[in-house]
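Report on the following structure.
Since the structure is predicted, the reported quantities are computational estimates derived from the model, not experimental observations. Note: hydrogens, waters and symmetry copies are ignored here, and every other heavy atom, side chains too, is used.
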Amino acid sequence: MERRMTEIMKGKNMQASAPGEASAELLVSVCVNVSYRNWLTAEEIARVIRELDYSYGQLSCFFGEIPIEDQLEFAVNHGITRDELIGLARKFHTESKMPALLVQ
């Protein structure tokens with residue numbers, strides 16, 4: 001996984017904050033986008049999360065695959081509080097019937 005992230009980062013001209021260290025923002029950006037043609041920026045991912053925009057598959061990846069601590073760090077970095085994120089995860093899980101790590 002780390003090798004694949006490095007390849008994707010190079011292709012998208014992204015860098016980790018320190019050698020061998022990936023920030024939550026970088027981890028989220030790479031992981032939620034890796035399976036999709038339409039690459040979203042971190043700001044776009046945050047908007048998709050805030051609006052629970054189900055037209056983006058990245059939403060299910062964010063709530064279902066990104067480790068909880070990285071979800072929380074990413075959200076806070078984009079102006080979404082912990083409580084807001086938990087509420088969004090709960091709503092996502094209830095409406096979509098898809099997994100959301102924060103509420104399981």
Would you say that [X] contacts [Y] through its side chain, given a criterion of any heavy-atom pair below 4.5 Å between the two side chains?
X: V32; Y: L40; value: no
X: T41; Y: S29; value: no
X: I49; Y: F74; value: yes
X: E65; Y: C31; value: no
X: F63; Y: L101; value: no
X: S96; Y: Y54; value: yes
X: I80; Y: R50; value: yes

Quick one: [atom1] on [X] to [atom2] on [Y], what's the gap to the nearest 0.5 Å?
X: I45; Y: L59; atom1: CD1; atom2: CG; answer: 10.5 Å
X: L88; Y: H93; atom1: CG; atom2: NE2; answer: 14.5 Å
X: L85; Y: Q71; atom1: CG; atom2: CD; answer: 6.0 Å
X: F92; Y: L52; atom1: CZ; atom2: CG; answer: 8.0 Å
X: N33; Y: Q58; atom1: CG; atom2: CD; answer: 5.0 Å

- With the threshold set at 4.0 Å, does a side-chain nitrogen-carboxylate oxygen contact exist between E51 and R47? yes

Treat each ILVMFWY residue as a node, draw an edge where side-chain heavy atoms are under 4.5 Å apart, and state whether [X] and [Y] are in one component.
X: F62; Y: I68; result: yes
X: I66; Y: M98; result: yes
X: V48; Y: V30; result: no

Do [X] and [Y] have side-chain N/O donor and acceptor atoms under 3.5 Å apart?
X: E44; Y: Y56; result: no
X: S55; Y: D53; result: yes
X: H78; Y: E25; result: yes

- Write down the atom of E84, the atom of G79, and the distance for their closest heavy-atom approach. OE1-O, 3.8 Å

- Task: Determine the minimum heavy-atom distance between D70 and L27, stating which atoms define it.
- Result: OD2-CD2, 2.9 Å

- Does T94 reach the main-chain N or O of K91 with its side chain, forming a donor-acceptor pair under 3.5 Å? no

